[in-house]
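These notes concern the structure reproduced below.
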Amino acid sequence: MNSSSKRKNDDDSGSSTGPKKSFRGHWSQGLLQSMSDPALLVEKDEKIVIIKDKYPKAKYHFLVLPQECIPDLKSLNSSHLKLLKYMHKKGENLAAQYPSSEFRFGYHAIPSMSQIHLHVISQDFNSPCLKTKKHWNSFTTSYFIDSDMLIQQLKEEGNVKSLSEANGKQLLSEPLKCP
DNA sequence: GTTCTAGAAC
DNA sequence: GTTCTAGAAC
């Protein structure tokens with residue numbers, strides 16, 4: 001049998017104009033799309049949007065994103081301090097609605113998706129979407145940068161020194177550790 | 001970010 | 001035999 005069922009989803013701008021990669025709708029931009037997805041929306045104001053993580057790694061897992069376009073942590077400077085604190089505060093307010101759960105607030109050192117996003121995640125890690133070692137390590141090692149720490153660093157250094165790609169990979173492939 | 005899978009490792 | 005890992009996805 002000829003199994004010609006090749007996957008050809010990923011990104012496709014609708015018209016297959018050629019072999020060139022179309023970065024419109026590329027998976028790394030998916031967060032920007034999710035920001036305006038009513039099914040995921042939790043809260044929204046003029047500064048930020050809060051959505052449910054599409055693949056929650058715990059019972060409660062939200063993302064706080066700025067309306068302002070900030071691609072990554074390297075783009076941050078002192079002028080963003082107020083915004084980051086606001087994002088953290090909104091995250092805390094949301095987490096307060098689930099008093100029986102413990103939460104952490106933080107950023108991934110090397111996220112795959114564009115647009116900075118603050119993870120608001122309960123610490124049960126009870127979810128069918130938490131499948132791999134990488135998933136676990138990304139929330140339990142120093143790959144997860146607490147919002148407090150990030151804000152403090154930005155305040156003191158004026159920018160955020162990011163992990164090298166190699167260090168990040170190393171953290172994600174560390175042996176699993178019991179919390 | 002996810003899914004799928006071949007090959008390595010156990 | 002099962003588990004783990006790294007790489008491709010047109």
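If you're wondering where the values come from, they're calculated on a predicted model, not measured in any experiment. Just so we're on the same page: letters track the sequence lines, and every chain starts at 1.
The two residues A:Val64 and A:Gly91 come nearest to each other via the heavy atoms CG2-CA, 4.3 Å.
Rounded to an integer number of Å, the gap from A:Trp27 CH2 to C:dG7 P is 15 Å. Computed from coordinates, the A:Lys134 NZ to C:dG7 P distance equals 12 Å when rounded to whole Å. A:Ile116 places its CD1 atom 17 Å from the C1' atom of B:dG1, with the value rounded to the nearest Å. To the nearest angstrom, C1' of B:dT2 lies 8 Å from NZ of A:Lys131. Taking atom CG of A:Leu176 as the reference point, atom C1' of C:dT3 lies 13 Å away to the nearest angstrom. Rounded to whole Å, atom P of B:dG1 lies 13 Å from atom NE2 of A:His26. Following rounding to the nearest Å, A:Phe139 (CZ) and B:dG1 (P) show an atom-to-atom distance of 8 Å. Between A:His108 atom NE2 and B:dT2 atom P there is a gap of 10 Å when expressed in whole angstrom units.
Applying the side-chain hydrogen bond (donor to acceptor under 3.5 Å, both in side chains) test to every pair with at least one member in residues 106-118 of chain A, sequence neighbours left out, gives these pairs: A:His108-A:His119, A:His108-A:Ser138.
Residue A:Lys169 is out of contact with every strand shown, counting any heavy-atom pair closer than 4.0 Å. Among the protein residues, A:Lys54 comes within range of no part of the nucleic acid, since none of its heavy atoms lies under 4.0 Å from any strand.
Note that the NE2 atom of A:His26 and the CD atom of A:Gln33 stand 13.0 Å from one another [nearest 0.5 Å].
Between A:His135 and B:dT2 there is a side-chain N or O to OP1 or OP2 distance below 4.0 Å. When the side-chain nitrogen and oxygen atoms of A:Lys133 are compared with OP1 and OP2 of C:dT5, one or more of them lie within a distance under 4.0 Å.
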For DNA chain B, the dot-bracket pattern of Watson-Crick and G-U pairs whose distances stay under 3.5 Å, | for other-strand partners: .|||||||||
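With hydrogens and angles disregarded, no donor-acceptor distance shorter than 3.5 Å links the side chain of A:Asn93 to the backbone of A:Ala96. A:Tyr143 places a side-chain N or O within 3.5 Å of a backbone atom of A:Ile110 that can act as its donor or acceptor partner. Between the side chain of A:Ser34 and the backbone N or O of A:Asp37 there is no donor-acceptor pair closer than 3.5 Å.
A:Tyr55 does not qualify as a stacking partner of the B:dG1 base, lacking a centre-to-centre distance under 5.5 Å together with planes within 30°.
A:Tyr86 and A:Phe105 fall within the same hydrophobic cluster, where Ile, Leu, Val, Met, Phe, Trp and Tyr residues are linked whenever their side-chain heavy atoms come under 4.5 Å apart, directly or through other members.
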